[in-house]
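What follows is a short report on a single structure.
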Number of protein chains: 2
Amino acid sequence: MAGIKEIAKITGLSLATVSRVFNDSTLVSPKTKEKVLKAAQELDYQPNIMAAALRSGKSKIIGVIVPEVNNFFFSGIINGIEKMVSDSGYNIIIAQSHESQEKENEALNSFLKLKVEGILLSISKETSDLSQIQKIIKSKLPIVFFDRVPNLKNINSVMLDDYMGAFMATNHLLDQQCKHLIHIVGDTKVSIFKERQKGFNDAIAKRNDKNLKGESITLSSNLKEDIGLIKKLLKDKPNIDGIFAYGDEIGLHVLNLLKELNIQVPKQIKLIGFGNADFSNLTQPKISTIDQECTQMGEQAASILLKTLKDKSASLKTKVLSPRLVVRDSTQ
Amino acid sequence: MAGIKEIAKITGLSLATVSRVFNDSTLVSPKTKEKVLKAAQELDYQPNIMAAALRSGKSKIIGVIVPEVNNFFFSGIINGIEKMVSDSGYNIIIAQSHESQEKENEALNSFLKLKVEGILLSISKETSDLSQIQKIIKSKLPIVFFDRVPNLKNINSVMLDDYMGAFMATNHLLDQQCKHLIHIVGDTKVSIFKERQKGFNDAIAKRNDKNLKGESITLSSNLKEDIGLIKKLLKDKPNIDGIFAYGDEIGLHVLNLLKELNIQVPKQIKLIGFGNADFSNLTQPKISTIDQECTQMGEQAASILLKTLKDKSASLKTKVLSPRLVVRDSTQ
DNA sequence: CTGAAAGCGCTAACAA
DNA sequence: TTGTTAGCGCTTTCAG
């Protein structure tokens, strides 16, 4: 592997000058620059990030942790991050927590060992002990949280307005003349699901209509049991005419259940999900949903991080993105 | 950030001894080891991989490139890789090519700059110029290809037996009494799709039955047009009673199309996909498919790489995994 | 605009 | 079993 040294030798320049060429330093004459670049080309020179990182304290690496990579939402975010970071000279490395606190901490640790310059993190469902995260914050290593944001003051974060999303979804059902709504609630230990719960309740309350009924059903963590619970609920309460599912996947399961029960969607029951997953557009009927603007979220998070990286004293930023109602066949 | 130096100072030991403790060298007395470990704990010491990498020439990083991370198959592979690598001391970094030769090369380049010790690569659909890859092979940097393997001799690779998968899928349709089969063909520039094509043809040929008909339809790259093409085909040839789609996603589109045309699945037409995507189990009817053993593939690829990393002179390995027929509602 | 030289944090001979 | 020391490839003062 050719290094800066060989280039120096060939061109008859010093290490310093050669180094400067690759660091866009303006303190180099065009002629020398050209000479160096040419030599670099010939030798197929690849700068050694490790060495540069060691010396300069800047690894040019950004670490990203998501719960799961095989997820429409998170991979959309990753794409947004990639897009934003691509021309900045930074490399990104991706790790998955698989919704486990332990794996999340492991990933954070290996980021620290790799001396990443900044971290983008969406915390796992399981994460309750924030000590590791607080340590990182204290160490001044720039970190931006997205979507799943820990309950801490003074952090950089990008979130979806989940309250608003649930509010919009519920409102949409009400606009479609639904009178008896069910909200299938996600794990309320996670703040975003709590927000959606509030949005659902408030949307109904705001109508101030005694004829409207809104109920919530909390699931176990076992899918089969959950489907059983929902099935029972639907049988017990035949007046249900609108369902707001906390996610598209559970929405799809509900859709299948409704078909099994010979309940017509949207005629008898209208169904709306959350997330705008890719498959929600492939079902029959296509499922109405709330789009989470994932690419934008990734871009924003990365953008805040890059700004902080440029100017460490940049103020902390919290960005709240607005969701978007996507009306499809299942509600009209 | 505390370093090895501070630990040496506190414990009164030399740098070398402290270093040895973290490298599992047995040349350290238990007492000193304990002392060092304790000090490390107190100082919250994180070894600096960069420095170690620079000195030892071993970055402890493995680079993984997949076409797309938001894909059931590839994320399954990533999980397999993570599993296999987790206790080896290596870190993995993931990059996406988004099916672009250019991005693939960019990723490869940043891997080289990061001095990864090994590469796991599934080449993009677009990749035709193999010079970059050949350069890497020549440089002796260990690389293992998986699933999408370039047409080169003397490489490490893990593949699915795509021929066999297609053969099994087609055979299954024939076993279900289908007489007029259609194969919706993937981009035959990619070798795996060519293999599936062969498997389809051979399965029919082997029956040696004049009453059997097998046709292939090659798609454009535009989904809407493609659906139109398939629609036309179905109308032109009402005797079609079995469809083998090269992937589950296109299979789902076909399923929706068939519903639109009021053709019953599996009664009138039996449909089988390829890939065992998560959603193929969520449709109605559930789609029969071929499982690609993605986790296993990731494990195998990582395992070959780790072996090569341990023993650079290890012989080149090619592993072919057997696919698995998954029979669901759409074919019975 | 260019060069000399120190040193980032760690590992690996070699010596003791 | 431990210590001494050189140096991985690069950046960055400081001095020309």
Side-chain angles (χ1 to χ4, degrees), chain A residues 1-37 39-40 43-61 89 91 109-117 139, chain B residues 1-37 39-40 43-61 89 91 109-117 139:
Chain A
M1 281 290 168
I4 218 177
K5 231 187 212 161
E6 280 87 274
I7 298 183
K9 216 172 262 172
I10 288 185
T11 55
L13 293 161
S14 71
L15 292 178
T17 308
V18 176
S19 169
R20 281 194 271 259
V21 170
F22 296 112
N23 289 287
D24 289 329
S25 176
T26 43
L27 311 166
V28 189
S29 78
K31 268 189 203 166
T32 5
K33 194 169 178 178
E34 202 182 341
K35 220 179 352 177
V36 169
L37 256 20
L43 293 175
D44 194 25
Y45 167 69
Q46 295 284 3
N48 185 327
I49 293 188
M50 298 283 175
L54 182 58
R55 176 59 233 245
S56 67
K58 298 186 179 181
S59 64
K60 288 287 162 193
I61 300 178
N91 301 87
N109 263 325
S110 74
F111 283 1
L112 295 182
K113 283 191 282 197
L114 277 168
K115 303 293 176 211
V116 299
E117 286 188 58
S139 78
Chain B
M1 281 287 171
I4 219 180
K5 230 187 210 164
E6 280 88 273
I7 298 184
K9 214 173 262 172
I10 289 186
T11 56
L13 293 160
S14 73
L15 291 179
T17 308
V18 176
S19 169
R20 280 194 272 260
V21 170
F22 296 112
N23 289 287
D24 290 330
S25 176
T26 43
L27 310 167
V28 189
S29 78
K31 265 189 204 163
T32 9
K33 194 169 179 176
E34 202 182 343
K35 219 176 357 175
V36 169
L37 256 21
L43 292 175
D44 193 25
Y45 167 70
Q46 296 284 3
N48 185 328
I49 292 188
M50 298 283 174
L54 182 58
R55 177 59 233 244
S56 66
K58 297 182 181 188
S59 64
K60 288 287 161 192
I61 300 178
N91 301 87
N109 262 326
S110 76
F111 283 0
L112 294 182
K113 282 190 282 196
L114 277 170
K115 303 293 176 213
V116 299
E117 286 189 56
S139 79

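A note on names: the letters A, B, ... follow the listed sequences, proteins ahead of strands, and every chain is numbered from 1.
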Does D:dG3 have OP1 or OP2 sitting under 4.0 Å from an N or O in the side chain of B:Ser14? yes
Ignoring the backbone of A:Arg55, work out which of C:dC1, C:dA6, C:dC10 is nearest its side chain. C:dA6
Counting distance only, does the side-chain N/O of A:Glu6 pair as donor-acceptor with the main-chain N or O of A:Gly3 below 3.5 Å? yes
Evaluate the side-chain proximity of B:Phe22 to B:Ile7: yes if any heavy-atom separation is below 4.5 Å, no if none is. yes
Selected nucleotide, minimal atom distance to A:Ser56 side chain, candidates C:dT11, D:dG3, D:dT11: D:dT11
When only distance counts, do a donor and an acceptor, one from the side chain of A:Arg20 and one from the base of C:dG3, lie under 3.5 Å apart? yes
If only atom types and distance count, is the side chain of A:Gln46 paired as donor or acceptor with the main-chain N or O of B:Lys113 below 3.5 Å? no
If I take atom CG in residue B:Leu54 and atom P in nucleotide C:dG7, what distance separates them, rounded to the nearest angstrom? 17 Å
Whole angstrom is fine here: how far is it from CD1 in B:Ile7 over to C1' in D:dT2? 17 Å
A:Tyr45 vs D:dG9: side-chain N/O to OP1/OP2 distance below 4.0 Å: no
Identify whether any heavy atom of B:Ala52 sits under 4.0 Å from a base atom; if not, whether one sits that close to sugar-phosphate; answer base, sugar-phosphate or nothing. sugar-phosphate
For the side chain of A:Ala16, counting heavy atoms from C-beta on, which of D:dT11, C:dA4, C:dA12 is nearest? C:dA4
Using whole Å, report how far CZ of B:Phe22 lies from P of C:dG9. 15 Å
Heavy-atom check, side chain of A:Asn48 versus side chain of A:Ile4, under 4.5 Å: no
Consider the side chain of B:Thr17, meaning its heavy atoms from C-beta on, and name the nucleotide among C:dT11, D:dT2, D:dC8 that approaches it most closely. D:dT2
Side chains of B:Met50 and A:Ile61: closer than 4.5 Å at any heavy-atom pair? yes
Mapping B:Ala51 and B:Val18 to their closest nucleotides on DNA chain D, which lands nearer the 5' end? B:Val18
Think B:Asn48 has a side-chain N or O under 4.0 angstrom from the OP1 or OP2 of C:dC8? no
Indicate whether OP1 or OP2 belonging to D:dT1 is found under 4.0 Å from a side-chain N or O atom of B:Ser29. no
Comparing B:Pro30 with A:Gln46, nearest DNA chain D nucleotide closer to 5' gives the residue B:Pro30
Atom NZ of A:Lys31 and atom P of C:dT2 are separated, to the nearest Å, by 10 Å
Is A:Ser19 close enough to D:dG9 that one of its side-chain N or O atoms is under 4.0 Å from OP1 or OP2 there? no
What is the distance from CD1 of A:Ile4 to C1' of D:dT11, rounded to the nearest Å? 8 Å
Taking it one step at a time, do B:Asn91 and B:Ile49 satisfy side-chain contact (heavy atoms from CB on, under 4.5 Å)? CA-CA 10 Å; B:Asn91 301 87; B:Ile49 292 188; 3.7 Å; yes
Starting at NZ of A:Lys5 and ending at C1' of C:dG3, how long is that distance when rounded to a whole Å? 16 Å
Nearest-Å distance for atom pair CG/P, residues B:Leu15 and C:dC8: 11 Å
Check the distance between C:dG7's P and A:Lys58's NZ and give it to me in whole angstrom. 20 Å
